[in-house]
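Lettering of chains follows the sequences in order, A, B, ..., and the numbering in each one begins at 1. Since this is a predicted model, take the numbers as computed values, not measurements.
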Amino acid sequence: MSSPSTNVQQPESFAFSAKNEKAAKEIISRYPEGRQASAIMPLFDLAQRQSGGWLPLVAIENITARLEVPVIRGLEVATFYTMYNMEPVGKYLVQICTTTPCWLRGSDDVVSACKKNLGIDLNETTADGEFTLREVECLGACVNAPVVQIGNEYFEDVDAESAAKILDALRAGKKPKPGSQTGRSTSAPAGPLTSLTEVE
Amino acid sequence: MPTLTIDGEEITVEDGLTVMQACEQAGVEIPRFCYHDRLSIAGNCRMCLVEMERSPKPIASCAMPAGEGMVIKTNTPLVKKAREGVMEFLLINHPLDCPICDQGGECDLQDQAMAYGRGSNRYTENKRAVKDKDLGPLVSTIMTRCIHCTRCIRFATEIAGVEELGATGRGEHMEITTYVESALTSELSGNLVDLCPVGALTSKPYAFAARSWELTKTETIDVHDAVGSNIRVDARGGAAMRVLPRLHEGVNEEWISDKTRHAVDGLSRQRLDTPYVREDGKLRKATWDEAFEAIKARVERTEGGKIAALAGDLADAESVFALKGLMTSLGSTNIDCRQDGAALDTATRAGYLFNTTIAGIEDADAVLLVGTNPRWEAPLINARFRKRYLMGGFQAGVVGEVHDLTYPATHLGAGPATLSEILAGINEFAKVLKAADRPIIVVGQSALTREDGAAVLGLARAIAEKFGMITDGWNGFNVLHTAAGRVGALDLGFVPGEGGKDTNAIINAAGEGAIEILYLLGADEIAMNDLGKAFVIYQGHHGDAGAHRADVVLPGAAYTEKDATYVNTEGRVQRTSRALFAPGDAREDWSILRALSEKLGQTLPYNSLNELRAAMIEAVPTFGELDAPATAAWGDFGKNGDVSDAPFVSPITDFYMTNPICRSSETMAECSTLYIQKTPRTGTDG
């Protein structure tokens with residue numbers, strides 16, 4: 001993500017919670033002496049999870065100071081990787097893959113269904129702050145295309161109908177079942193077997 | 001020593017060169033944007049693609065090591081097509097605004113698009129636009145023009161030593177920026193403008209001021225510090241428009257400090273362009289004759305012993321030589337060029353020079369910095385120290401104030417007591433110096449401009465001798481000067497003669513009435529209020545402290561307006577060239593003294609600059625050797641004596657305000673406000 005817009009309300013300060021502080025120490029200890037700067041990415045991730053899904057500038061300043069890295073290098077890392085959010089996102093970050101395999105399998109329908117269901121366009125957040133809709137590049141689950149990632153869960157074999165169902169369930173506070181929405185097991189063929197049919 | 005074939009010609013090159021460097025040695029030009037000799041290799045612009053036999057694709061010659069038996073072709077249709085392709089991609093997002101771009105006429109992108117690009121553009125979509133950044137008062141940004149070569153980032157990180165520039169985002173969204181709109185805090189930031197191959201970073205003070213082809217270019221020497229950076233002054237219509245660095249490996253490489261570059265607007269403000277004579281307590285404009293008459297009337301009724309002269313920091317050797325000649329013939333030995341009272345000893349030339357030489361720093365492996373902040377006193381020498389640090393195996397220790405020098409330095413202590421400890425071997429750093437093969441010591445002016453300065457100098461000398469800094473072919477004793485004219489004046493012996501008074505004594509005597517006439521040759525840094533009723537003659541180019549106190553003002557020429565000799569802190573004799581004429585009635589300084597001497601009936605024995613130089617070289621032969629650093633013999637200097645415990649206090653409190661020229665410069669004032677006083681800028685500022 002590129003640098004945050006100046007309109008973003010940045011928090012005044014950042015500090016890891018007691019639990020995360022312990023985790024941060026553990027992460028830093030993974031790297032040999034003098035190579036602590038390598039901990040920057042897992043620490044950013046930790047800070048993002050703690051901050052409600054986005055990475056405030058104060059968190060970057062806090063972590064770079066701790067790792068003795070110039071703050072601009074921290075900003076470079078945070079803005080290079082698309083999985084760090086530099087601006088606040090909704091409680092549910094809906095990321096729809098639209099790269100070729102998902103697109104061939106109908107991700108465009110999924111996108112329009114989500115837009116319609118949530119009443120927002122891509123890269124927007126619903127007024128209640130619950131959902132942010134985003135189009136992303138390959139999520140690496142092409143076998144079960146189209147794929148939608150919401151929070152930490154992958155929803156696979158999604159179509160317009162099931163996408164709307166998932167969003168409705170989330171809005172209702174339920175936990176929709178992640179994985180294939182057509183009920184197939186892992187990455188098994190969607191239809192009946194086409195080969196090895198004679199094997200008992 | 002690989003042997004490779006470049007465009008059909010065999011060439012053997014040294015080990016460790018890249019294909020691009022080998023091509024250069026073979027006389028083949030390779031276009032490039034991101035590659036720069038003095039920066040690390042990025043290999044991201046792809047402009048230097050060449051064809052290599054048995055390689056399926058063209059290779060980036062800047063990043064490919066030259067190997068044995070390589071067959072490189074740079075003039076094939078493949079290479080031509082590759083260059084056209086790269087050029088076309090670079091121009092996709094580059095605006096077609098050359099007519100309003102300050103880089104126009106000296107733009108790498110413009111030149112290479114002409115030489116290697118296609119004649120037309122096939123891109124019809126929208127170009128991207130990027131928000132401009134604020135890098136401070138010196139560097140203006142038009143980021144839409146940026147081609148992301150990252151030279152600026154690498155310069156800031158590697159040479160300047162301030163990791164403040166970076167690239168955020170990626171792909172089409174990549175932007176060069178500082179961390180959230182903060183100005184770049186480096187004394188070398190102006191060099192970013194030279195490095196930028198396009199018009200993304202341009203000089204803010206020079207914005208829309210001139211076109212490169214309208215400027216008269218004069219190669220000369222800088223005087224804002226004692227480094228003697230080689231510069232080029234670009235002038236148009238009687239005003240110096242800008243200052244650029246010239247390549248000199250021994251001195252400034254290809255960088256200059258921001259003060260050298262941007263104090264240039266000070267040359268057209270606050271200038272003394274006519275003589276003045278004080279009448280009824282007020283200075284009034286006068287003719288040269290009136291001014292000389294006023295001096296003559298006063299000198300005639302004053303005996304030689306009551307006359308004194310001080311040479312300032314920017315005084316050139318010729319005028320100092322002429323002034324010394326005049327003072328001698330008037331019978332005065334009260335002369336001094338050390339207006340800060342530094343206890344420099346002229347007995348041995350090696351005792352006041354940067355003997356290691358600036359380039360020699362690269363051979364040193366440990367440095368003891370005594371009472372100096374090289375980052376402010378000589379930014380380019382500091383850049384050499386950083387360069388040396390980056391090579392590895394280098395340790396620095398500091399006695400004096402703590403500053404961020406852009407390389408790690410151990411703070412050992414604040415005052416002379418620490419030096420005694422090092423000499424006695426009880427300080428940790430003594431071990432470092434002992435273990436080092438080529439240790440050096442750098443003594444700054446703050447160590448010398450104190451009551452016990454001579455004893456501190458003696459202590460430094462003892463350390464140099466004890467830790468093997470003085471051996472055959474290696475002299476690790478260095479004095480870092482801050483005044484461009486100082487070494488030249490010391491070489492000429494512009495110090496108190498027999499029975500003469502030094503700076504402090506002259507000022508005291510003037511206050512008490514024992515000195516009745518004081519001649520200030522561009523000396524502005526003394527306490528003017530302490531001069532009592534002395535008749536003060538000020539010869540200089542700016543209406544600064546000296547001119548305000550003066551009874552007679554003689555307008556001289558600034559460094560860009562005269563052919564003059566300066567000796568840098570290494571003892572390197574260099575000559576400036578006149579780029580402009582001095583304003584109004586102002587004259588070259590030596591000629592003013594020559595004319596005055598005639599008026600006073602003590603005509604100096606030379607009628608031209610050449611005759612003066614011949615006389616000067618006869619008196620001090622070192623002036624005959626141009627552009628050679630010091631090879632002065634070691635000798636006795638400094639004193640043994642008690643030193644006080646007072647800490648060293650830097651003489652420079654504001655890097656941007658050290659002499660009359662930069663004090664008159666609006667650009668320097670703006671830098672000082674932002675970087676030194678740290679006053680936040682308001683919306684109405686530029």
Side-chain angles (χ1 to χ4, degrees), chain A residues 1-14 33-38 40-41 44 47-48 51 54-88 98-99 122-123 134-138, chain B residues 40 42 44 93 128-136 139 141 143-144 146 148-186 189 192 201 386 390 392 404-408 680 683:
Chain A
M1 291 271 106
S2 53
S3 296
S5 146
T6 44
N7 300 330
V8 173
Q9 186 79 40
Q10 296 280 347
E12 292 286 310
S13 64
F14 173 86
E33 194 56 42
R35 299 275 184 263
Q36 270 64 31
S38 302
I40 196 163
M41 292 187 60
F44 278 177
Q48 172 160 309
S51 308
W54 72 293
L55 192 59
L57 290 176
V58 276
I60 296 178
E61 287 159 21
N62 178 299
I63 292 167
T64 50
R66 179 174 186 155
L67 299 176
E68 293 173 19
V69 174
V71 64
I72 182 70
R73 299 282 165 262
L75 188 69
E76 285 182 327
V77 169
T79 56
F80 185 86
Y81 295 99
T82 52
M83 288 164 83
Y84 296 120
N85 299 312
M86 299 302 289
E87 297 181 3
T98 55
T99 307
L122 288 172
N123 298 319
R134 193 173 286 167
E135 176 187 49
V136 295
E137 301 305 325
C138 186
Chain B
S40 62
N44 55 13
N93 280 316
R128 79 168 189 154
V130 181
K131 200 169 160 251
D132 292 344
K133 306 295 183 289
D134 180 6
L135 297 187
V139 181
T141 63
M143 296 317 278
T144 304
C146 178
H148 308 109
C149 68
T150 70
R151 274 188 189 180
C152 51
I153 300 179
R154 284 174 284 146
F155 175 83
T157 308
E158 293 161 20
I159 312 275
V162 290
E163 282 201 61
E164 293 173 8
L165 274 177
T168 64
R170 62 162 147 176
E172 213 202 347
H173 303 287
M174 180 172 164
E175 291 185 20
I176 306 289
T177 182
T178 51
Y179 183 73
V180 196
E181 301 287 301
S182 47
L184 202 60
T185 57
S186 170
S189 63
L192 294 174
L201 305 179
R386 178 168 169 80
L390 290 176
D404 174 14
L405 296 174
T406 71
Y407 44 89

Contacts of Arg170(B) meeting side chain to side chain contact (heavy atoms under 4.5 Å, CB included) (sequence neighbours excluded), chain-then-number -> Phe80(A), Thr82(A)
Sorted by chain and residue number, the side chain to side chain contact (heavy atoms under 4.5 Å, CB included) partners of Met41(A) (sequence neighbours excluded) come out as Val77(A), Tyr81(A), Tyr84(A)
Here the gap from Glu76(A) atom CD to Ile153(B) atom CD1, rounded to the nearest 0.5 Å, amounts to 5.5 Å
Interatomic distance, CG@Leu57(A) vs OH@Tyr179(B), rounded to 0.5 Å, equals 4.0 Å
Within residues 67-75 of chain A, contacts to chain B at heavy-atom distances under 4.5 Å involve Pro70(A), Val71(A), Ile72(A), Arg73(A), Leu75(A)
Honestly, the part of Glu164(B) sitting under 4.5 Å from a heavy atom of chain A is backbone
Those residues at least two apart in sequence (or on a different chain) that pass side chain to side chain contact (heavy atoms under 4.5 Å, CB included) with Pro11(A) are Trp54(A), Pro56(A), Val58(A)
Check your understanding: When you measure from the side chain of Thr79(A) to the backbone N and O of Gly169(B), does any donor-acceptor pair fall under 3.5 Å?
Key -> yes
